[in-house]
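Here's the structure, in structure tokens; my notes come after.
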Amino acid sequence: MTLRDSLPSATAQAASPMVVSEGVHKRFGALEVLKGVTLSVNAGEVMCLVGPSGSGKSTFLRCINHLEQISAGRLYVDGELVGYRQRGDRLFEMHPKDAARQRRQIGMVFQRFNLFPHMTALENIVAAPVKDQGRRREAAIEQGRDLLKQVGLSDKADAYPAQLSGGQQQRVAIARALAMEPKLMLFDEPTSALDPELVGEVLDVMRALADKGMTMIVVTHEMGFAREVADSLVFMDDGVVVEAGNPREVLANPTHARTRAFLSKVL
């Protein structure tokens, strides 16, 4: 199955939002990092989250796939409450196995590549589908080679992470996430650890995913990518959504003074 085959049809995508966040709060002890984040992302859309360091962008991303538990509010992915079951007016945390099942449907690519150093690029991609989803190894290998081709690394299947550039490692990390056939992809500043000349090759892969209809939420400082690829842009600061809208409009004519101050330093 190719990536294109695994994506929902345009009709199915239009049926409902893929991600809905309702008043999400996150506290670490006395520190409140998220202070009521409300937004939604439709299936097949790309949302870019921008803002200064410490504004809560990465924490929000981690809440979406329940790597962090929210302190208040509701998060839904594809209509399903993330991390909890609701009975009446009360929420009960999911059994870890059920939470893991949800998480497998959400791909995440981090700043650091986190590849297993003792495995080849192909083995890194194949490991999770075989172990966590019980797929036949032969089928997983075939899919892994197809994904390596899609990210432009057909010739690196037998290379170990130490033999790859940072950009190549990040592309393998993207392929590894796609191997689980997720319905949603989260990117947490995927190019921030790369040398400038390697950024473009990773962004090109992300553009191709967007063109194929993958629903994506991207925390990024790459404003050109946000302008060209995103369907919506959200500016966060101090744990809240300050401004949101069409990327070209927000970047060209931000309405909030805090947004203008931030963009004046990064554009």
Side-chain angles (χ1 to χ4, degrees), residues 1-3 6 57-59 61-69 77 82-83 96-206 208-209 212 214-220:
M1 177 182 288
T2 67
L3 175 63
S6 69
K57 308 181 303 295
S58 295
T59 298
L61 228 57
R62 292 173 65 85
C63 288
I64 292 174
N65 67 356
H66 204 54
L67 288 175
E68 299 287 355
Q69 298 178 4
V77 172
V82 173
K97 287 186 178 180
D98 293 326
R101 173 191 57 78
Q102 279 191 332
R103 195 174 294 120
R104 284 195 291 269
Q105 301 176 64
I106 304 171
M108 187 158 184
V109 178
F110 299 89
Q111 296 179 33
R112 296 291 174 179
F113 326 121
N114 298 324
L115 299 179
F116 296 114
H118 62 289
M119 293 183 178
T120 65
L122 182 60
E123 289 168 344
N124 265 280
I125 296 168
V126 167
V130 172
K131 180 180 178 182
D132 297 337
Q133 294 183 327
R135 293 194 212 163
R136 290 175 50 251
R137 183 170 178 80
E138 294 79 5
I141 288 174
E142 181 180 357
Q143 180 203 38
R145 291 190 183 280
D146 180 63
L147 287 169
L148 282 172
K149 181 179 179 180
Q150 291 185 44
V151 299
L153 294 173
S154 296
D155 60 335
K156 300 296 183 182
D158 298 324
Y160 289 89
Q163 299 171 310
L164 301 173
S165 70
Q168 290 170 334
Q169 290 185 61
Q170 192 64 296
R171 284 187 278 160
V172 172
I174 293 172
R176 179 176 61 179
L178 292 172
M180 300 296 281
E181 297 180 356
K183 60 179 67 174
L184 168 68
M185 285 287 289
L186 309 176
F187 292 86
D188 188 7
E189 298 193 31
T191 60
S192 65
L194 301 178
D195 292 333
E197 64 267 24
L198 302 177
V199 168
E201 63 190 46
V202 174
L203 294 181
D204 285 344
V205 171
M206 295 170 65
L209 284 178
K212 292 173 180 176
M214 175 62 75
T215 310
M216 299 160 56
I217 303 179
V218 184
V219 172
T220 185

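Remember, predicted model here, so these are calculated numbers, not experimental data.
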Practice problem: Report, as yes or no, whether the 6.0 Å neighbourhood of atom CZ on R137 holds more than 12 heavy atoms from other residues, nucleotides or ligands. | Solution: no

Self-check item: Distance in Å, R62 CZ paired with M108 CE, rounded so as to fall on 0.5 Å steps
Solution: 6.0 Å

Quiz item: Given the rule in the side chain to side chain contact (heavy atoms under 4.5 Å, CB included) test, do R135 and Q143 qualify, once you have shown the distances and angles that lead to the verdict?
Solution: CA-CA 11 Å; R135 293 194 212 163; Q143 180 203 38; 2.9 Å; yes

Quiz item: Looking at CG of L115 and OH of Y160, how far apart are the two atoms once the value is rounded to the nearest 0.5 Å?
Solution: 13.5 Å

Quiz item: For atom CD of E142, is the number of surrounding heavy atoms from other residues, nucleotides or ligands below 6.0 Å larger than 12?
Solution: no

Quiz item: Is the number of heavy atoms from other residues, nucleotides or ligands under 6.0 Å of R112 CZ greater than 12?
Solution: no

Quiz prompt | N124 side chain vs M119 backbone, donor-acceptor pair below 3.5 Å | solution = yes

Quiz prompt | Taking every non-hydrogen atom, the tightest pair across L61 and F187 | solution = CD2-O, 3.4 Å

Quiz prompt | Criterion side chain to side chain contact (heavy atoms under 4.5 Å, CB included) on L194 and F113, from CA distance to verdict | solution = CA-CA 10 Å; L194 301 178; F113 326 121; 3.7 Å; yes

Quiz item: Does T120 reach the main-chain N or O of E123 with its side chain, forming a donor-acceptor pair under 3.5 Å?
Solution: yes

Quiz item: Between V77 and Q102, is any pair of side-chain heavy atoms under 4.5 Å apart?
Solution: no

Quiz item: Can you find a pair of side-chain heavy atoms, one from M206 and one from M214, that are under 4.5 Å apart?
Solution: no

Quiz item: side-chain contact (heavy atoms from CB on, under 4.5 Å) with A128: which residues, sequence neighbours excluded?
Solution: D132, M180

Quiz item: So which heavy atom on G166 is nearest to which on L198, and how close?
Solution: N-CD1, 4.0 Å

Quiz prompt | Closest heavy-atom pair and its distance - S165, E201 | solution = OG-OE2, 4.0 Å

Practice problem: Would you indicate whether the side-chain heavy atoms of L184 and I64 approach each other to under 4.5 Å? | Solution: yes

Quiz item: For the atom pair CG (L178) and CD1 (I125), what is the distance rounded to the nearest 0.5 Å?
Solution: 9.0 Å

Quiz item: So, the side chain of Q170 versus the backbone of P190: is there a donor-acceptor pair under 3.5 Å, distance only?
Solution: yes

Self-check item: Value rounded to 0.5 Å, distance of CD in E189 from NZ in K57
Solution: 5.5 Å

Quiz item: Can you tell me if CZ on R145 sees more than 12 non-hydrogen neighbours from other groups inside 6.0 Å?
Solution: no

Exercise. Let me know which of V151, V109, N114 forms a side chain to side chain contact (heavy atoms under 4.5 Å, CB included) with R176.
Key: N114

Quiz prompt | Residues that D98 engages under side chain to side chain donor-acceptor pair (under 3.5 Å), provided they are two or more places apart | solution = none

Quiz prompt | P129 versus A140, closest heavy-atom pair with distance | solution = CB-CB, 4.4 Å

Self-check item: Atom pair CE/CD1 of M185 and I106 - distance to nearest 0.5 Å
Solution: 11.5 Å

Self-check item: Spacing of CG belonging to D204 relative to CG belonging to L209, to within rounding of 0.5 Å
Solution: 11.5 Å

Practice problem: State, to 0.1 Å, how close D188 and S58 come at their nearest heavy-atom pair, and which atoms those are. | Solution: OD1-OG, 2.7 Å

